[in-house]
2 protein chains.
Amino acid sequence: MARPRKPLLSRDRIVATAGALVDAEGLGAVSTRRLAAELGVSGPSLYNHFRNKDEILDAVADSVSAQVDLSMFDEDDARDWRTALYDYAVSYRAALTAHPHIVPVLAQGPGRRPAGLRVADTVFGAMVRAGWPPAQATHIGALMRYFITGSALGSFARGFVDDETAYDPADYPHLGQAHLLAERQQRVDEGAFETGLRALIDGLAGQYETVRATPKSS
Amino acid sequence: MARPRKPLLSRDRIVATAGALVDAEGLGAVSTRRLAAELGVSGPSLYNHFRNKDEILDAVADSVSAQVDLSMFDEDDARDWRTALYDYAVSYRAALTAHPHIVPVLAQGPGRRPAGLRVADTVFGAMVRAGWPPAQATHIGALMRYFITGSALGSFARGFVDDETAYDPADYPHLGQAHLLAERQQRVDEGAFETGLRALIDGLAGQYETVRATPKSS
DNA sequence: ACCTGAACACCGTTCAAGT
DNA sequence: ACCTGAACACCGTTCAAGT
C-alpha cells in the first residue's frame with residue numbers, strides 16, 4: 001500500500017482512539033499493535049506521528065487535563081478565591097473520575113504536558129491576584145493537585161470496578177456483595193474528598209489571614 | 001537441576017530483590033526474566049511463589065507501607081490527634097520518597113495489602129479514640145492517604161531524577177540547569193506538602209470543634 | 001514441592017523498501 | 001511524507017518433565 005495521497009493518521013485521531021481504548025479496556029489494553037489495528041493501520045505507522053508509546057499516553061492524559069473547567073478563575077467573575085478553588089477541585093476531580101484508567105499517567109511525572117501546565121498557571125495566576133505571595137501561590141497549585149490526583153487514584157472502588165467483567169453472575173454468587181463494597185467505597189471516596197477539600201480550603205483561609213495581616217508590600 | 005533439596009527461593013527473597021531492583025532501576029526494569037536472573041534462577045520459578053508479576057509488585061509496595069512509623073498513635077503516648085496526624089503524614093511521605101518508583105503501584109487500587117490496611121486501621125482507630133465519629137474517622141484516613149500519595153507521586157522533581165543517568169556531563173552542558181530545576185522543584189514539593197498538611201490539619205481542627213460542640217452520644 | 005527448558009502468544013521499536 | 005512487512009530483542013505465563 002505504502003503512502004496514501006491523503007494521510008490515514010493524525011496525532012488527534014491517534015490520541016482520540018487511544019483515549020477511547022484506555023477508557024473502555026484500561027491501560028493494559030493499549031499496545032502499539034492493538035491501537036494501530038483499531039486505527040486500521042499497521043503498528044509502525046504510529047511512529048510517524050509520535051516518538052514512542054509513552055508520548056501517546058502522555059497526549060491522552062493531557063487531553064483529559066484539557067477538559068478541566070477553569071472558568072471559575074476568570075477575572076471578571078468576581079468570586080472569592082476560596083469558592084473558585086473549591087469549584088476548580090470539583091471540576092478537576094470530575095474530569096479524572098470520568099477517565100480513571102489514565103489517572104496513573106496523569107498523576108505522575110514532570111509537567112511537560114501543555115494542558116497540565118495551563119491548569120497550573122491559571123491557578124497560580126488566580127491565587128496571586130487574590131493576594132497570595134507567589135511562593136504560597138505555587139504551593140497552593142501543587143498541593144491542590146496532590147490532593148485531587150491522589151483522591152482520583154487512591155480510590156478503593158476502582159479495584160472492584162476493574163474486575164467487573166470477571167464477575168460472571170453464574171459463577172460468582174457474591175457479585176452483589178462486591179458491588180455493594182464498591183458502592184460503599186465510592187461514597188467513602190466522595191465523602192473523604194469533600195471533607196478534605198473543605199479542610200484544605202479552611203486551613204488555607206487561616207493562613208491567608210496571617211499573610212494579609214503581615215503584608216510585605218501592598 | 002530440577003528441585004534442590006533446599007528451596008532456592010522464598011517470597012521474602014523475591015520481594016527483597018524485586019524491591020532493590022525497583023529502587024535502583026525503576027519499575028520498567030522489573031521483568032520476570034530479569035528478576036529471576038538477579039535471583040540466580042530461571043523465569044518460571046517465580047510462579048511457584050507468586051501467582052503473577054503484579055502480585056510481586058504488590059508485595060514490594062506493601063513492604064514499603066510496612067516501613068511507615070505508626071508509633072505516634074500509641075495509646076499511652078498522650079499526644080493530641082493533630083500532632084499525631086502530622087507526624088504520621090511526615091513519616092508516610094518519607095517512606096514513599098525513599099522508594100519513589102514503587103509509589104504508582106502503592107498509590108493505586110484496592111487495599112488488599114496487609115500493611116497498607118494496617119496503616120488505615122491504625123489511623124481510623126486513633127481518630128475514633130480522639131473523639132471523631134466513625135464516619136469522619138474513615139474520611140480522615142482516606143483523605144490523608146490521598147494527599148500523601150498524591151504528593152509523593154505528583155512531584156515534578158522525579159522527572160529529572162529519573163533521567164539522571166542520561167545526563168552525561170560530557171554530552172550535556174545543561175546538566176547543571178537540569179539539576180537546579182530538580183532541586184528547585186524538590187523545594188516546591190516539600191513546601192507544598194508542608195503548607196497543605198498544615199492547612200488540612202487546621203481545617204480538620206475547625207471541623208472537630210463543630211463536631212464536639214454538637215455531640216450525639218458522649 | 002520446586003526448579004527447568006521449551007513453547008505460545010504477545011510486546012515496543014527500527015529499518016529498508018515502497019509510493 | 002507516510003505507510004508497509006520483516007526483523008530484533010524482548011515480554012508474561014503455561015506446562016510437561018525432572019528430582
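Letters go in sequence order (proteins before strands), and every chain restarts at 1.
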Please walk me through it: do B:R113 and B:E55 pass salt bridge (charged side-chain N to carboxylate O under 4.0 Å, His left out)?
CA-CA 10 Å; B:R113 293 182 284 266; B:E55 240 184 35; over 6 Å; no

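Going from atom CG of A:L9 over to atom C1' of D:dC3 covers 9 Å, rounded to whole Å. Summarising the geometry, the separation between CG on A:L39 and P on D:dC3 is reported as 10 Å, rounded to the nearest angstrom. Between B:I14 atom CD1 and C:dC3 atom C1' there is a gap of 12 Å when expressed in whole angstrom units. Rounding to whole angstrom units, OH of residue B:Y47 and P of D:dG12 are separated by 6 Å. One atom, CG of B:L57, and another, P of D:dC11, lie 14 Å apart when rounded to the nearest Å. In this structure, the CZ atom of A:R34 is 14 Å from the C1' atom of C:dC11, given to the nearest Å. Residue A:N48 contributes atom CG, which lies 17 Å from atom P of C:dG18 at whole-angstrom precision. Straight-line distance from the CZ atom of A:R13 to the C1' atom of D:dC2: 13 Å, rounded to whole Å.
When the side-chain nitrogen and oxygen atoms of B:S45 are compared with OP1 and OP2 of C:dT4, one or more of them lie within a distance under 4.0 Å. A sub-4.0 Å separation between OP1 or OP2 of D:dA1 and a side-chain N or O of A:H49 is absent.
The two residues A:T149 and A:A107 make their nearest non-hydrogen contact at CB-CB, 3.9 Å. Closest approach of B:V60 to B:S63, counting heavy atoms only: O-OG, 2.6 Å.
Set against C:dG12, D:dT13, C:dC3, the side chain of B:R33 has D:dT13 as its closest nucleotide. With D:dT13, C:dT4, C:dG12 as the choices, the nucleotide that has an atom nearest any side-chain atom of B:N52 turns out to be D:dT13. When distances run from any side-chain atom of B:T32 to the nucleotides C:dC3, C:dC11, D:dT13, the shortest one goes to D:dT13. Among the nucleotides D:dG12, D:dC15, D:dT4, the one closest to any side-chain atom of A:V41 is D:dT4. Checking D:dC3, C:dC3, C:dT4 against the side-chain heavy atoms of A:P7 singles out D:dC3 as nearest.
Counting only distance, with no hydrogens or angles, the side chain of A:R11 and the backbone of A:H49 share a donor-acceptor pair below 3.5 Å.
Looking only at side-chain heavy atoms (C-beta outward), B:Y88 and B:V119 come within less than 4.5 Å of each other.
Nucleic acid contact class of A:R5 (heavy atoms, under 4.0 Å, all strands): none.
Using a 4.0 Å cut-off between a side-chain N of Lys or Arg and a carboxylate O of Asp or Glu, B:E38 and B:R13 do not qualify as a salt bridge.
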Let me have the donor-acceptor pairs involving side chains of residues 193-201 of chain A, under 3.5 Å, with sequence neighbours excluded, atom names and distances please.
| from | atom 1 | to | atom 2 | distance (Å) |
| --- | --- | --- | --- | --- |
| A:E194 | OE1 | A:Y86 | OH | 2.9 |
| A:E194 | OE2 | A:Y86 | OH | 3.0 |
| A:E194 | OE2 | A:R198 | NE | 3.0 |
| A:E194 | OE2 | A:R198 | NH2 | 3.0 |
| A:T195 | OG1 | A:G191 | O | 2.9 |
| A:T195 | OG1 | B:H139 | ND1 | 3.3 |

Watson-Crick or G-U pairs under 3.5 Å in DNA chain C, rendered as dot-bracket with [ ] for crossing pairs and | for another strand:
||.|||||...|||||.||

